[in-house]
Protein chains: 2
Amino acid sequence: MARVLLVEDNVDLAYGLQNNLEIEGYEVRVAERGETGLEQAREWDPDLIILDLMLPDLDGYRVLQHLRKSGVMTPVLILTARGEESDKVLGFRLGADDYVTKPFGLMELLARVEAILRRVQGPSVSDAVEGQDAEEFGAVRIDVRSRTVLRDGIELSLTPKELDLLLALIRRRGAVVSRLELLQEVWGHRAAVVSRTVDTHISELRRKLEEEPSHPRHILTLHKAGYRFQP
Amino acid sequence: MARVLLVEDNVDLAYGLQNNLEIEGYEVRVAERGETGLEQAREWDPDLIILDLMLPDLDGYRVLQHLRKSGVMTPVLILTARGEESDKVLGFRLGADDYVTKPFGLMELLARVEAILRRVQGPSVSDAVEGQDAEEFGAVRIDVRSRTVLRDGIELSLTPKELDLLLALIRRRGAVVSRLELLQEVWGHRAAVVSRTVDTHISELRRKLEEEPSHPRHILTLHKAGYRFQP
DNA sequence: CCCACCCTGACAAATTCCTGACAGATCCTC
DNA sequence: GAGGATCTGTCAGGAATTTGTCAGGGTGGG
């Protein structure tokens, strides 16, 4: 869900807006000062910043300027009482995406927020040329992006749990991973199950991936300790 | 340079705006009627549409509605005398990107135009589907521009949602896309639906596109993960 | 009013998961 | 090194979850 950073020193207004934005389904954080706004913008990496121009410390324009200068291209909606055209033009020139003057209609503001977010995150999140995350060992090749596993070039179908388990092991290649850890990583933070669940899946993995399932070369058992993946 | 389509029946205003936009370096065309506006939007494929609501034939809202419904996602800036909040909210709801009420400051308008284009021009240029406006797989051929889909040379009619869904999958070909992501990309970022909506549309797509809908070769299910498009 | 489209809920089908049993391995103690 | 205790491998069946498909109703445009 989209994240909205609200930089506004008027606590009442901020609170009301936060509520309404949250009702719309956004995740909202409030910064009451320019400095904290800048920090949050950089660290939290919101999808939209609603920026009041009148702030106790830094001027809103300054905040915007700093952001853009430091390469933060998050959309910014300016919210202020200053309605002079020259103010607006300056705001846009500094890289704002919209400019709303107080007093404003709540519905309109929400609609504008939605319009900006629709435009920004509409096409696609942030993919296209993502880092190739592929793994390879023996005759096996794993493409995480497509959740595909090839062996000798032919695709074999791992179930979701199997793939997750395999990836959990690969992620910690060379190290022993206990059943409990695997349970937590793959199955979610749950109490220790006392059954053959993990082993069963390991067995299945070996059957599918290993040349000789009974003498595994990649998915090894460490007696009394757990399993270890060997590339 | 960016192309701006101005849909405005007031000739004086249109002329003045056209001049100013051209001075700013935009390529501008003017449509004085809603119908011609729609045509130009589809054929000329502008980067931005400035749309007056009061038009001799079609209502501006209708124009916008038609555009979005037929999948034209060009940014739209609404320009009108109607300043009621409900009008604005309606405009945004129909997919507008900005809403400026007359009388407006020229500088502000230009700044808003620039802001929208700045935001839009960035990522979408290198977009996988946008870059190429034809897709082909199996016996199927898609012309993105005209939103036409042929199979074995004969046209088959996909509904807007179906086509959007298909394009969302194609845009990330080879990668698993979860139902939630599809909901966000195709249905808007507000979705948290828990029903068979996505699946139903997928099913319909397969029925129309796949040779053997029950053994799809292009639109694949990744159990517990989502769907994946395979060219 | 009719039609296209979309969504929903219900059910069937498919897939995956878990469990318990048992056999085989391994370890440990004496 | 024998024997018992524990740990691991494997299997099959049913349980649980996830997906496919369909029909019906709502909606809005023409």
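As the structure is a prediction and not an experimental result, all values here were calculated from the model. Convention: sequence-line order gives letters A, B, ...; per-chain numbering from 1.
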Query - Residue B:Glu39 excluded, over 12 heavy atoms near CD under 6.0 Å - result: yes
Query raised in the report: For B:Phe104, does the CZ atom have more than 12 heavy-atom neighbours from other residues, nucleotides or ligands under 6.0 Å away?
Result: yes
**Report entry** Integer-rounded Å distance: C:dA4 P and B:His66 NE2
**Finding:** 17 Å
Query raised in the report: Is there a donor in the side chain of A:Thr221 and an acceptor in the side chain of A:Arg206, or the other way round, less than 3.5 Å apart?
Result: yes
Query raised in the report: Taking only side-chain nitrogens and oxygens of A:Thr159, does any of them come within less than 4.0 Å of OP1 or OP2 of C:dT16?
Result: no
Query raised in the report: Given atom CG of B:Asp199 and atom C1' of C:dA13, what is their separation to the nearest angstrom?
Result: 13 Å
Query raised in the report: Heavy-atom count around A:Arg173 CZ within 6.0 Å, excluding the residue itself: above 12?
Result: yes
**Report entry** More than 12 heavy atoms from other groups under 6.0 Å of CZ on B:Arg151
**Finding:** yes
**Report entry** Rounded distance [0.5 Å steps], CG in A:Leu220 versus NE2 in A:His215
**Finding:** 12.5 Å
Report task. Would you jot down, in residue-number order, the residues of residues 161-172 of chain A having a non-hydrogen atom under 4.0 Å from DNA chain D? Result -> none
Query raised in the report: Earliest and latest nucleotide of DNA chain D, 5' to 3', sitting under 4.0 Å from a non-hydrogen atom of chain A?
Result: D:dC7 to D:dC11
Query raised in the report: Is B:Glu136 salt-bridged to B:Arg141, cutoff N-O under 4.0 Å?
Result: yes
Query raised in the report: Atom CG of A:Leu156 to atom P of C:dT15: distance rounded to whole Å?
Result: 16 Å
Report summary line: Between B:Ser203 and B:Arg62, whichever has its closest DNA chain D nucleotide further toward 5' is B:Ser203
Requested in this report: Could you check whether B:Thr200 gets within reach of a base, just the sugar-phosphate, or nothing at all, counting any heavy atom under 4.0 Å?
Outcome: base
Query - Integer-rounded Å distance: C:dC7 C1' and B:Trp187 CH2 - result: 10 Å
Query raised in the report: Can you list the residues that meet the side-chain hydrogen bond (donor to acceptor under 3.5 Å, both in side chains) rule with A:Ser157, with sequence neighbours excluded?
Result: none
Requested in this report: Examine C:dC7: is either OP1 or OP2 under 4.0 Å from a nitrogen or oxygen in the side chain of B:Thr197? Give yes or no.
Outcome: no
Query raised in the report: Is the shortest side-chain N to carboxylate O distance from B:Lys102 to B:Glu8 below 4.0 Å?
Result: yes
Query raised in the report: Roughly how bent is the helix from C:dC1-D:dG30 to C:dC30-D:dG1 end to end, in steps of 10 degrees, with each end axis from five pairs?
Result: 30°
Query raised in the report: Listed in order of residue number, which residues of residues 223-231 of chain B have a non-hydrogen atom at under 4.0 Å from DNA chain D?
Result: B:His223, B:Lys224, B:Tyr227
Report summary line: note: B:Ile202, atom CD1; C:dA14, atom P; distance rounded to Å ~ 19 Å
Report task. Nearest 0.5 Å please: distance from the CD1 atom of B:Ile78 over to the OG1 atom of B:Thr101. Result -> 11.5 Å
Query raised in the report: Heavy atoms under 4.0 Å, any strand shown: does B:Arg207 hit a base, just sugar-phosphate, or nothing?
Result: nothing
Query raised in the report: When we call it a touch if two heavy atoms are under 4.0 Å apart, what does A:Arg196 touch: a base, just sugar-phosphate, or nothing?
Result: base
Report task. With DNA chain C as reference, determine whether B:Pro160 or A:His201 sits nearer its 5' end, using the nearest nucleotide of each. Result -> B:Pro160
Report summary line: Separation between NE2 (A:His201) and CG (A:Asp199), nearest 0.5 Å, reads 10.0 Å
Query raised in the report: Can you tell me how far CG of B:Leu165 sits from CG of B:Leu167, rounded to the nearest 0.5 angstrom?
Result: 9.0 Å
Report task. Provide the full list of side chain to side chain donor-acceptor pair (under 3.5 Å) pairs with a residue in residues 75-91 of chain B, sequence neighbours left out, each pair given once. Result -> A:Glu108-B:Lys88
Requested in this report: Check the distance between C:dC6's P and B:Glu204's CD and give it to me in whole angstrom.
Outcome: 10 Å
Requested in this report: Using distance alone, with no hydrogens and no angle criterion, decide if B:Arg179 and B:Tyr227 have a side-chain donor and acceptor under 3.5 Å apart.
Outcome: yes
